[in-house]
Amino acid sequence: MTGLKVLISREQIAERVAAMGSEITRDFAGQAVIFVGVLKGAAIFLSDLARQVQLDATFDFIGVSSYGNRPSPAQELKSGWDSTGEVRLTKDMDQSMQGRNVILVEDILDTGLTLTYLKKIVQAHQPKSLRIAALLDKPSRRKQPIEADYLGFSIPDEFVVGYGLDYAEKYRNLPDICIVPREG
Ligand code: IMP
């Protein structure tokens with residue numbers, strides 16, 4: 001695709017992720033944490049964030065799909081989407097979260113429907129604590145009252161790709177976060 005414009009550079013990401021890692025290290029000093037990454041967008045963020053945390057840490061992954069609610073990415077770029085609120089679990093966690101310090105790791109907090117749904121699933125395991133780490137936040141799009149405990153960057157209502165985020169499964173491997181231009 002032509003016309004991708006860098007919104008957040010790899011250097012800015014690295015600096016912010018390191019700061020988030022220090023915050024988590026401080027908040028959970030002397031304790032173990034489990035990072036639960038939301039597939040697939042959070043994979044790169046999780047791997048960088050976890051390496052900035054100096055604690056005993058383990059990983060798990062959960063998969064969700066909002067298939068059926070969202071229009072195609074091309075349509076979303078033209079007119080935005082209006083989710084009906086249905087999120088489907090495509091992959092459950094492999095381990096129990098009971099009594100553990102869980103950090104849900106997500107690429108972007110948009111309407112908030114996904115994380116609201118995932119929070120409920122994790123809460124049902126009765127974790128010792130549950131925090132949300134999100135790299136990006138589009139607060140203007142929120143439909144559910146949910147916030148990240150650890151946030152990378154607040155961004156305007158633009159469709160972004162790179163550093164794990166995709167457009168029709170592409171561009172996840174771009175090192176910078178880029179804006180996809182709207183059509184028309
Ligand atoms: P929410 O349930 O509306 O908060 O949506 C969160 C999910 O929507 C993210 O995990 C992404 O998969 C997707 N998403 C939202 N905005 C963007 C974007 O700008 N680029 C790529 N994916 C996005």
Side-chain angles (χ1 to χ4, degrees), residues 1 3-10 12-13 16-17 20 35-49 59-93 102-123 130-183:
M1 176 180 295
L4 290 180
K5 195 177 117 228
V6 175
L7 176 67
I8 306 170
S9 71
R10 64 200 77 181
Q12 290 172 299
I13 298 169
R16 189 69 201 114
V17 170
M20 293 170 83
F35 292 103
V36 177
V38 184
L39 293 171
K40 301 168 212 165
I44 292 176
F45 174 43
L46 184 148
S47 60
D48 281 350
L49 179 66
F59 297 174
D60 206 331
F61 291 93
I62 194 162
V64 285
S65 156
S66 44
Y67 180 81
N69 298 328
R70 284 199 162 133
S72 66
Q75 192 63 36
E76 133 67 9
L77 283 177
K78 265 194 217 131
S79 52
W81 69 68
D82 220 17
S83 172
T84 58
E86 260 178 57
V87 182
R88 262 188 327 132
L89 196 66
T90 56
K91 185 210 166 290
D92 202 351
M93 295 164 289
V102 179
I103 301 177
L104 256 176
V105 183
E106 174 66 305
D107 53 2
I108 186 165
L109 189 46
D110 186 29
T111 62
L113 295 167
T114 306
L115 276 171
T116 300
Y117 172 80
L118 290 177
K119 240 183 130 170
K120 267 191 212 137
I121 291 182
V122 176
Q123 289 287 15
L130 174 56
R131 300 273 190 280
I132 291 173
L135 180 69
L136 303 175
D137 185 7
K138 288 190 212 171
S140 64
R141 299 251 316 152
R142 198 76 88 252
K143 288 186 195 303
Q144 291 285 331
I146 184 165
E147 300 302 328
D149 300 288
Y150 305 101
L151 176 66
F153 304 90
S154 200
I155 64 167
D157 182 12
E158 297 281 1
F159 198 86
V160 291
V161 293
Y163 198 73
L165 291 131
D166 75 308
Y167 174 86
E169 292 299 327
K170 287 174 70 182
Y171 308 113
R172 292 194 196 275
N173 60 328
L174 294 179
D176 307 305
I177 292 169
C178 302
I179 295 178
V180 179
R182 288 179 200 274
E183 291 168 20

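When a ligand or atom number is given, it counts from 1 through the structure's own listing order. No experiment lies behind these values; they were computed from the predicted model shown.
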query: Can you check side-chain contact (heavy atoms from CB on, under 4.5 Å) on Asp107 and Val38, steps first, answer last?
result: CA-CA 8 Å; Asp107 53 2; Val38 184; over 6 Å; no
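Residue Glu158 places a heavy atom less than 4.0 Å from ligand 1. By the 4.0 Å heavy-atom criterion, Lys143 is excluded from the residues contacting ligand 1. In this structure, Val161 falls outside the shell of residues with a heavy atom less than 4.0 angstrom from ligand 1. Heavy-atom separations between Gly112 and ligand 1 include at least one value shorter than 4.0 Å. In this structure, Thr116 has no heavy atom closer than 4.0 Å to ligand 1.
Ligand 1 places these atoms under 4.0 Å from at least one heavy atom of Lys138: 16 (N), 17 (C), 18 (C), 19 (O). Below 4.0 Å from some heavy atom of Leu113 lie the following atoms of ligand 1, by number and element: 2 (O), 4 (O). Using a 4.0 Å cut-off to heavy atoms of Leu165, the atoms of ligand 1 that qualify are 20 (N), 21 (C), 22 (N). Every atom of ligand 1 with a heavy atom of Glu106 under 4.0 Å away is listed here by number and element: 10 (O). With ligand atoms numbered from 1 in the order given, ligand 1 contributes 1 (P), 2 (O), 5 (O), 6 (C) to contacts under 4.0 Å with heavy atoms of Thr114.
Judged as a salt bridge (charged side-chain N to carboxylate O under 4.0 Å, His left out), and not counting sequence neighbours, the contacts of Lys40 are Glu169. By the side-chain hydrogen bond (donor to acceptor under 3.5 Å, both in side chains) test, Ser47 is found to be paired with no residue, residues two or more places apart in sequence or in another chain being considered.
Between Tyr167 and Tyr171, the ring planes lie tilted relative to each other; the angle falls in the 30° to 60° range.
Where the criterion is an N or O separation shorter than 3.5 Å, residue side chain and backbone included, Val160 meets it with respect to ligand 1. Considering backbone and side-chain atoms alike, Asp166 places every N or O at 3.5 Å or more from each N or O of ligand 1.
Atom NZ of Lys91 sits in a crowded spot, with more than 12 heavy atoms from other residues, nucleotides or ligands closer than 6.0 Å.
Screening Leu135, Ile8, Asp176, Leu174 for a side-chain contact (heavy atoms from CB on, under 4.5 Å) involving Tyr163 leaves a single residue, Leu135.
Of all non-hydrogen atoms in Asp157 and Arg182, the two that sit nearest each other are O-NH2, 2.5 Å.
Here the side chains of Ile155 and Ile177 are not in contact, with every heavy-atom distance at 4.5 Å or above.
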